[in-house]
Asker: 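Here it is: the structure, laid out below.
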Amino acid sequence: MPMTRNDMVFEMMSNFQPWEFWKLQRAISEKYDEFYGEPSISAAIRDIRKPEARRRYNLPPTGEVVIKEKRTSGRGYQYRLAPQIIQHQRSK
């Protein structure tokens, strides 16, 4: 089964490091030779929070799974997977 945009975004973010949209865009382009605009990356991050994605990626059914933080330098935000996901996945 081919990877979806959401699969690619989740895989990149699964290192639990902070990501900006443009960094995800570049990483996906380099790894998968696919290009998604920043609005599509943003939509994929929102989709990760939905029940279907929580089941697909073995994420907790409740609580925050994506953390949005202001960037320490410059404008905008960065996003990362919540650390409690690790405990949830280990308990399965």
Side-chain angles (χ1 to χ4, degrees):
M1 173 189 257
M3 289 188 80
T4 66
R5 172 199 66 195
N6 293 2
D7 293 338
M8 293 176 199
V9 169
F10 181 78
E11 185 172 308
M12 292 291 112
M13 292 182 72
S14 65
N15 66 2
F16 295 90
Q17 297 302 306
W19 289 88
E20 290 90 6
F21 294 151
W22 64 272
K23 286 184 179 178
L24 281 167
Q25 185 180 55
R26 185 177 64 211
I28 289 168
S29 179
E30 290 172 1
K31 183 168 184 175
Y32 300 106
D33 198 29
E34 293 284 345
F35 180 83
Y36 296 104
E38 291 184 19
S40 292
I41 301 287
S42 177
I45 290 172
R46 282 192 309 277
D47 287 348
I48 290 171
R49 296 177 168 117
K50 295 180 179 177
E52 311 84 57
R54 288 172 183 259
R55 285 188 295 275
R56 179 179 178 103
Y57 304 123
N58 188 27
L59 302 175
T62 59
E64 191 55 74
V65 293
V66 177
I67 298 171
K68 175 182 176 180
E69 304 166 312
K70 283 197 91 47
R71 292 180 60 212
T72 55
S73 60
R75 298 185 341 225
Y77 294 91
Q78 54 191 19
Y79 301 82
R80 63 184 172 91
L81 292 179
Q84 59 266 31
I85 291 171
I86 297 169
Q87 287 86 17
H88 174 78
Q89 291 178 337
R90 285 184 183 154
S91 69
K92 290 291 176 180

Asker: Could you tell me which non-hydrogen atom of E64 sits nearest to which non-hydrogen atom of R49, and how far apart they are?
Answerer: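 Closest heavy-atom pair between E64 and R49: OE2-NE, 3.0 Å.
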Asker: Quick check: do N6 and R56 have side-chain heavy atoms less than 4.5 Å from each other?
Answerer: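 No, every pair of side-chain atoms sits at 4.5 Å or beyond.
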Asker: Should F10 and W22 be counted in the same cluster of Ile, Leu, Val, Met, Phe, Trp and Tyr side chains packed under 4.5 Å apart?
Answerer: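 Each belongs to a different hydrophobic cluster.
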Asker: Report the C-alpha distance between Q25 and E20 in whole Å, list the side-chain angles of each, state the deciding distance to 0.1 Å, and finish with yes or no for side chain to side chain contact (heavy atoms under 4.5 Å, CB included).
Answerer: CA-CA 9 Å; Q25 185 180 55; E20 290 90 6; over 6 Å; no
Asker: Hey, what do you get for NZ (K23) to CD (Q78), rounding to the nearest 0.5 Å?
Answerer: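 Answer for the NZ-CD pair, K23 versus Q78, is 7.5 Å.
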Asker: Quick one: are K68 and I45 in side-chain contact, heavy atoms under 4.5 Å?
Answerer: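 No. Closest side-chain heavy atoms not under 4.5 Å.
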Asker: Are F21 and F16 co-members of a hydrophobic cluster defined by side-chain heavy atoms under 4.5 Å apart?
Answerer: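 As far as the 4.5 Å side-chain criterion goes, F21 and F16 are connected within one cluster.
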Asker: Provide the closest heavy-atom pair for A27 versus M12 in the form atom of the first, atom of the second, distance.
Answerer: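 Here A27 and M12 meet closest at CB-SD, 3.6 Å.
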Asker: Considering only heavy atoms from C-beta outward, does the side chain of L24 approach that of Y36 to under 4.5 Å?
Answerer: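 Counting from C-beta outward, L24 and Y36 never come under 4.5 Å.
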Asker: Grab the two heavy atoms, one from V65 and one from I48, that are nearest each other, plus how far apart they are.
Answerer: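 Answer, listing the atom of V65 first, then I48: CG2-O, 3.9 Å.
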Asker: How close do E11 and S14 get, heavy atom to heavy atom, and via which atoms?
Answerer: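 Closest approach of E11 to S14, heavy atoms only: O-OG, 2.6 Å.
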Asker: Nearest 0.5 Å, please: how far is CD1 in I85 from OH in Y57?
Answerer: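 It is 12.0 Å, given to the nearest 0.5 Å.
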Asker: Does CG belonging to N15 count more than 12 external heavy atoms closer than 6.0 Å?
Answerer: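 Yes.
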Asker: Applying the 4.5 Å side-chain criterion to the ILVMFWY set and letting contacts propagate, would I67 and L59 be lumped into a single cluster?
Answerer: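 Different hydrophobic clusters.
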Asker: Is there a continuous path of hydrophobic side-chain contacts, each under 4.5 Å between heavy atoms, that joins M3 to I28?
Answerer: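 Yes.
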Asker: State the CG-OH distance between D7 and Y32, to the nearest 0.5 angstrom.
Answerer: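 Between D7 CG and Y32 OH, I get 8.0 Å after rounding to 0.5 Å.
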Asker: If you take all heavy atoms of R54 and G63, which pair is closest and at what distance?
Answerer: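 It is NH2-O, 2.7 Å.
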